[in-house]
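Within every chain, numbering begins at 1; the chains are lettered A, B, ... in the order of the sequence lines, protein sequences first and strands thereafter.
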4 protein chains.
Amino acid sequence: MEQKKRRFAVLTGGGDCPGLNAVIRAVVKTFLQNDCEVYGVLNGFNGLINDNLKLMDYAAVSGILPRGGTILGTTNRDNPFHFAVEENGELVYKDMREKVIENLRKYDIEALVVIGGDGSLNIGAELARECDIKVVGVPKTIDNDLPCTERTFGFDTAMAMATEALDRLHTTAESHHRVMVLEVMGRYAGWIALHSGIAGGADVILLPEIPYKLEPVIAKIQARKAAGKNFSIVVVAEGARPEGGEMSIARMVEGSFEPIRLGGAGEKVAQAIEEQTGIESRCTVLGYLQRGGSPTAFDRVLSTRYGVAAAEACLRREYNVMVSLYHDQIVTVFIQKAASKPRQVPVDSEIIRTGRQLGLCFGD
Amino acid sequence: MEQKKRRFAVLTGGGDCPGLNAVIRAVVKTFLQNDCEVYGVLNGFNGLINDNLKLMDYAAVSGILPRGGTILGTTNRDNPFHFAVEENGELVYKDMREKVIENLRKYDIEALVVIGGDGSLNIGAELARECDIKVVGVPKTIDNDLPCTERTFGFDTAMAMATEALDRLHTTAESHHRVMVLEVMGRYAGWIALHSGIAGGADVILLPEIPYKLEPVIAKIQARKAAGKNFSIVVVAEGARPEGGEMSIARMVEGSFEPIRLGGAGEKVAQAIEEQTGIESRCTVLGYLQRGGSPTAFDRVLSTRYGVAAAEACLRREYNVMVSLYHDQIVTVFIQKAASKPRQVPVDSEIIRTGRQLGLCFGD
Amino acid sequence: MEQKKRRFAVLTGGGDCPGLNAVIRAVVKTFLQNDCEVYGVLNGFNGLINDNLKLMDYAAVSGILPRGGTILGTTNRDNPFHFAVEENGELVYKDMREKVIENLRKYDIEALVVIGGDGSLNIGAELARECDIKVVGVPKTIDNDLPCTERTFGFDTAMAMATEALDRLHTTAESHHRVMVLEVMGRYAGWIALHSGIAGGADVILLPEIPYKLEPVIAKIQARKAAGKNFSIVVVAEGARPEGGEMSIARMVEGSFEPIRLGGAGEKVAQAIEEQTGIESRCTVLGYLQRGGSPTAFDRVLSTRYGVAAAEACLRREYNVMVSLYHDQIVTVFIQKAASKPRQVPVDSEIIRTGRQLGLCFGD
Amino acid sequence: MEQKKRRFAVLTGGGDCPGLNAVIRAVVKTFLQNDCEVYGVLNGFNGLINDNLKLMDYAAVSGILPRGGTILGTTNRDNPFHFAVEENGELVYKDMREKVIENLRKYDIEALVVIGGDGSLNIGAELARECDIKVVGVPKTIDNDLPCTERTFGFDTAMAMATEALDRLHTTAESHHRVMVLEVMGRYAGWIALHSGIAGGADVILLPEIPYKLEPVIAKIQARKAAGKNFSIVVVAEGARPEGGEMSIARMVEGSFEPIRLGGAGEKVAQAIEEQTGIESRCTVLGYLQRGGSPTAFDRVLSTRYGVAAAEACLRREYNVMVSLYHDQIVTVFIQKAASKPRQVPVDSEIIRTGRQLGLCFGD
């Protein structure tokens with residue numbers, strides 16, 4: 001009698017991130033190569049609630065490695081413990097955990113691979129804790145601010161895109177004797193701003209981790225002018241804030257996915273510089289251009305390693321963990337630990353010091 | 001007795017544009033190869049007023065072909081006929097044409113190559129008409145809206161950058177079931193929006209040439225949703241406006257270079273779509289990313305052809321003309337004719353029809 | 001009673017070329033938008049012989065615009081009038097035109113869109129002439145050497161790739177004081193070599209159109225060295241040949257698609273330069289990297305225009321033509337005329353003169 | 001009395017590598033910011049022998065961060081202990097160490113930063129050991145095969161370029177039902193082949209570390225064909241060799257820089273596949289395209305960190321070390337240890353296992 005194959009599922013949750021498809025492909029291929037079956041859950045946790053799964057085969061993941069986005073769809077709203085339903089014309093929030101359990105049972109799914117950021121990983125951890133669902137997490141965010149992993153996939157691509165933007169702005173700044181400000185993503189952590197700023201030869205980098213004062217920023221720009229460089233490049237993380245200013249937004253509470261609109265951090269800096277130096281200053285907001293598009297080769301390799309490792313964890317029944325990069329090796333960590341507060345840039349880190357040695361201003 | 005060499009000058013005026021350095025290089029090399037001398041005027045017309053010129057040699061233009069920006073610097077403010085000077089703490093506008101004439105005489109410069117958009121070319125034409133200065137123009141604008149030439153350099157690069165941005169937004173739109181709006185440059189003419197929209201597979205393209213109604217835009221997005229495509233891509237030229245709405249800005253009057261800030265055309269469309277369809281809609285403003293960076297191979301070839309042709313016109317003493325692309329040949333046209341009203345996309349052109357055949361919505 | 005829909009078919013033949021998918025998409029969407037049916041023929045003429053067609057819908061062409069290759073598959077071997085069949089262990093060539101006619105009738109196909117180079121277009125013309133099949137051609141070749149059209153799709157992408165390669169080689173040449181030779185495609189015509197050479201700042205460009213002598217090449221490199229530039233960049237079309245040398249291959253006879261291997265044109269030049277100047281010289285053969293990958297924005301627009309125009313020609317029953325670019329407009333020309341001898345670079349063209357003005361050496 | 005400034009020198013040796021300029025810039029800026037003087041040695045060790053140094057200032061390194069190549073020039077031939085000199089028309093090798101010592105004394109240079117691969121670092125170590133010259137090394141090689149560091153700068157860019165090439169070849173392979181072979185650099189170690197192969201979705205990867213058999217390669221390609229995938233992608237490191245075959249070249253002996261030409265590893269594999277499967281197979285040799293061009297953002301950050309760290313080591317008088325990446329931190333290691341035998345891919349490493357889980361064939 002033929003033995004029944006083990007069955008798994010995979011979903012992608014939260015914002016778009018280059019490398020999602022590469023992870024999906026690696027997860028699916030590893031399961032198939034090891035004689036298991038794997039379902040793709042469509043549109044994140046929504047698909048688990050609304051029974052929207054499809055069986056994956058090799059053809060389903062053929063050719064997706066270099067492509068941005070996720071073939072499974074995603075949403076950054078749907079939380080099974082707090083799920084928005086319209087009733088009598090009003091939105092009410094319901095606990096749908098039973099639906100999730102029911103659907104996973106229906107397909108006889110042994111464990112669930114959750115590819116997501118802090119929100120999705122928190123939900124994964126809660127499903128494990130509260131509903132006894134077996135979960136393996138894969139850390140995803142372009143911001144690189146997930147704790148318990150040295151690097152998330154998507155970050156290298158976002159940082160590369162921001163660097164390319166800085167290269168473009170550089171020529172215009174230099175030709176026009178202007179200050180060009182680039183606002184990049186990073187609400188709680190300035191990894192993109194820091195790395196792209198170093199890579200793009202910025203003169204000023206403002207991070208959420210270092211509340212900035214205007215004086216040193218202005219002084220840097222004027223020192224450059226005095227030295228015959230009448231242009232400057234400034235990188236501002238969207239979560240950068242002036243000293244004394246409150247962090248403009250509270251951390252999203254666990255499980256709550258109301259879209260929060262920041263905005264304006266870069267424009268604010270550009271206006272202040274123009275007013276105080278008299279040099280024309282212009283702000284560009286990179287926005288969604290950091291999230292889409294084909295992943296870099298680095299991110300494709302990292303995503304693939306994560307995907308294989310997540311499936312391998314399932315295969316050996318090591319559950320309720322997140323795969324993680326530690327000293328350039330893929331390891332596993334408890335998922336509860338993984339989804340806690342954001343990992344910020346240490347203000348005394350070597351790479352900040354590298355910037356200071358080059359004469360870069362961090363607004364302090 | 002050794003004969004004195006003929007002497008020329010070259011300047012770049014107006015906004016940054018990929019290919020400026022390629023034109024400068026071609027102008028300078030052609031003059032040097034033909035045993036002439038050539039001065040670079042720094043910072044556009046400002047350098048002619050303030051005697052800021054430098055003699056160019058091969059080393060000065062070595063390696064600049066692939067680089068964005070302009071090694072000569074530029075400004076989009078300085079008009080010799082209407083030049084801002086601070087007097088007693090106030091800005092007053094003065095006629096500095098005598099300074100220009102004096103400086104050109106001082107260096108014994110026979111003719112001036114002006115690489116610029118409508119503003120700079122108008123000044124060039126006025127210098128020719130009013131001051132008897134010999135001028136050859138090179139048409140520069142990423143917007144491709146200069147009359148009397150089929151293509152300006154810089155346009156292909158801007159359009160390519162916008163297309164790359166659309167590729168990136170595409171994956172996010174599809175994964176998130178969103179409407180992604182990209183606002184691109186184009187105040188008076190929608191060439192960038194039209195070409196990048198076609199190249200990037202947009203569903204809706206809104207141009208200054210076709211005042212838009214929201215109804216067909218909404219209908220298009222809903223038709224796609226009904227057909228199972230719950231995402232859409234919309235390209236909006238910054239000068240696009242709703243039917244009945246006035247063109248939000250007047251054409252810059254000749255010689256006036258007050259910076260005009262448009263803004264908001266894309267965001268307006270995104271908000272209207274979200275309100276009327278309930279689909280999350282996000283706007284990205286491409287902005288300066290279209291102006292900087294290395295020119296495409298196409299633009300490098302075109303810039304080089306323009307630069308050589310401009311120097312050749314000088315060599316054969318054909319003055320007060322602009323070089324121009326006509327039926328894929330470089331020709332010359334009278335510069336007065338060149339710098340008139342913007343060349344818009346003909347609303348019945350083949351390429352608009354191409355879009356319509358593909359089911360694209362132009363908002364009409 | 002519902003009227004039967006008109007039915008068409010589309011195939012891609014010959015070598016890979018960026019933009020094929022963009023043309024297919026435009027052809028298919030235009031037919032569908034105009035209430036027709038369209039079949040994709042798989043693997044070029046092979047699919048017509050072996051009854052390998054599939055009905056196309058919107059989903060079939062969704063997302064293919066930016067992708068290289070052809071979703072229909074292609075071959076550069078299969079000729080219905082001279083089709084290789086294995087019989088008793090030997091290849092014999094058979095006339096399969098009846099099979100083609102039979103299959104087109106079977107599906108009730110009114111006309112066939114052939115997207116291909118000279119070989120495929122010749123077959124298309126022969127099918128029209130000999131078998132009374134209605135054909136519309138779309139000119140495809142990265143070499144840009146098809147007569148009766150000013151530009152083929154794929155050329156801009158190939159040229160851009162070659163230019164990017166030159167940018168890369170430039171830095172190595174300069175750092176190492178070397179001569180770097182890049183061999184690019186172009187058997188009969190040097191369009192890629194010429195355009196990429198201008199765009200990439202080459203010092204020497206060798207084309208099939210201008211049989212080269214080594215003396216001026218060596219002299220150019222030594223003159224650069226004497227002027228302190230101890231590196232040089234040389235672009236060689238694969239079909240470039242020394243003066244007096246025979247054109248190394250005969251033009252492929254009509255209908256014969258034996259693969260011809262050229263090779264060595266670049267290496268030969270590199271060795272000669274190293275021997276005669278003592279400067280280290282290295283050759284890179286770009287090869288297939290010119291054929292694959294995502295088309296440039298320019299090529300996507302051109303491909304889309306061609307595809308729509310080809311379908312439109314079918315819709316208005318204008319048959320046995322090829323769509324063509326003439327003075328930046330899409331027009332139609334008789335297909336017999338289209339597929340004749342290759343269009344070479346005119347040796348006295350403006351763009352060659354542009355190169356000479358910059359001091360470029362063409363080996364003459 | 002003003003105190004004399006400390007003085008240092010920096011040189012680049014060996015083959016071109018993306019990121020060299022970024023390191024130079026970081027070294028020079030860090031010295032200048034710390035009130036030291038720094039000389040650039042031109043053309044590697046040749047400049048030390050022939051007294052070819054120039055004092056560097058901020059202007060000298062302005063704008064070089066994103067550029068490929070090295071502004072200091074390089075050579076991969078010149079060894080002070082074994083320096084080729086022409087005497088009576090013959091090459092004789094001489095010991096020029098006294099010249100080096102003399103020139104460093106002449107400029108009163110305290111220590112020398114050597115940016116180079118194993119050859120240059122070996123010379124650096126020998127200068128330290130034999131001549132009491134103070135040296136700090138920076139590990140450079142696109143091959144990533146230097147011991148005592150987890151990553152060399154230049155590798156990420158080379159790997160990204162190879163991945164881009166694979167993306168291009170993929171579309172052609174798929175459209176034409178071909179096997180496309182890409183030969184990449186890697187004489188002793190297969191890092192580029194392994195990473196780009198994973199990132200580019202290769203089916204077969206052949207490395208120097210795993211002598212290959214043809215049988216499993218052929219079996220993999222035929223299994224794909226049987227599964228309906230009638231194309232395959234093969235990545236071959238230039239140093240890959242069949243089982244039983246000798247490693248085609250001996251390791252370059254210390255200090256000897258005779259150019260060694262490998263060649264043919266990829267073509268050999270392509271021919272064998274075509275013969276044994278009957279599927280058309282084509283080989284592309286990526287060659288110098290991996291060495292030139294702008295470094296990736298990742299490499300720019302790494303290069304900058306290395307450069308700053310090398311200067312910092314000098315500043316704190318920590319000599320005869322090489323800066324190195326260890327667990328994502330920059331550390332220092334003894335330079336003698338650094339320049340020993342190449343670091344190969346461990347055949348049981350996680351990333352090889354990752355490939356095997358995806359069904360990739362490594363020829364064993």
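Highest contact tally toward chain A, considering only B:Arg291, B:His170, B:His177, B:Glu174, is held by B:His177 [criterion: heavy-atom pairs under 4.5 Å]. For the options B:Gly73, B:Gly44, B:Gly293, heavy-atom pairs under 4.5 Å to chain A are most numerous at B:Gly293. Put simply, of A:Thr74, A:Asp167, A:Thr284, the one with the most heavy-atom pairs under 4.5 Å next to chain B is A:Thr74. When A:Ser294, A:Gly68, A:Cys283 are compared by the number of non-hydrogen pairs under 4.5 Å with chain B, A:Gly68 comes out ahead.
Checking each of B:Arg282, B:Arg168, B:His176 against A:Tyr288 for a side chain to side chain contact (heavy atoms under 4.5 Å, CB included) leaves exactly one that passes, namely B:Arg282. Results of the side chain to side chain contact (heavy atoms under 4.5 Å, CB included) test with A:Ser175 over B:Leu72, B:Thr70, B:Thr75 single out B:Thr70 as the only residue that passes.
In this structure, the separation between CG on A:Asn230 and CG on B:Asn43 is 7.5 Å, given to the nearest 0.5 Å.
Within the 4.5 Å cutoff, the side chain of A:Leu289 has heavy atoms near those of the B:Leu289 side chain.
Other residues, nucleotides and ligands contribute over 12 non-hydrogen atoms within 6.0 Å of the NZ atom of A:Lys229.
Every residue meeting the side-chain contact (heavy atoms from CB on, under 4.5 Å) condition with B:Thr141, not counting sequence neighbours, appears here in chain and number order: B:Asp143, B:Asp145, B:Leu146, B:Thr152.
Only the side chain of A:Glu164 comes within contact range of chain B, judged by heavy atoms closer than 4.5 Å. If you measure heavy-atom distances from B:Arg67 to chain A, you find no contacts under 4.5 Å at all.
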Using atom types as modelled, flag every donor-acceptor pair under 3.5 Å from a side chain in residues 47-54 of chain A to any protein atom, sequence neighbours excluded.
unit_1	atom_1	unit_2	atom_2	d
A:Asn50	ND2	A:Asn46	OD1	2.9
A:Asp51	OD1	A:Tyr107	OH	2.7
A:Asp51	OD2	A:Lys106	NZ	2.3

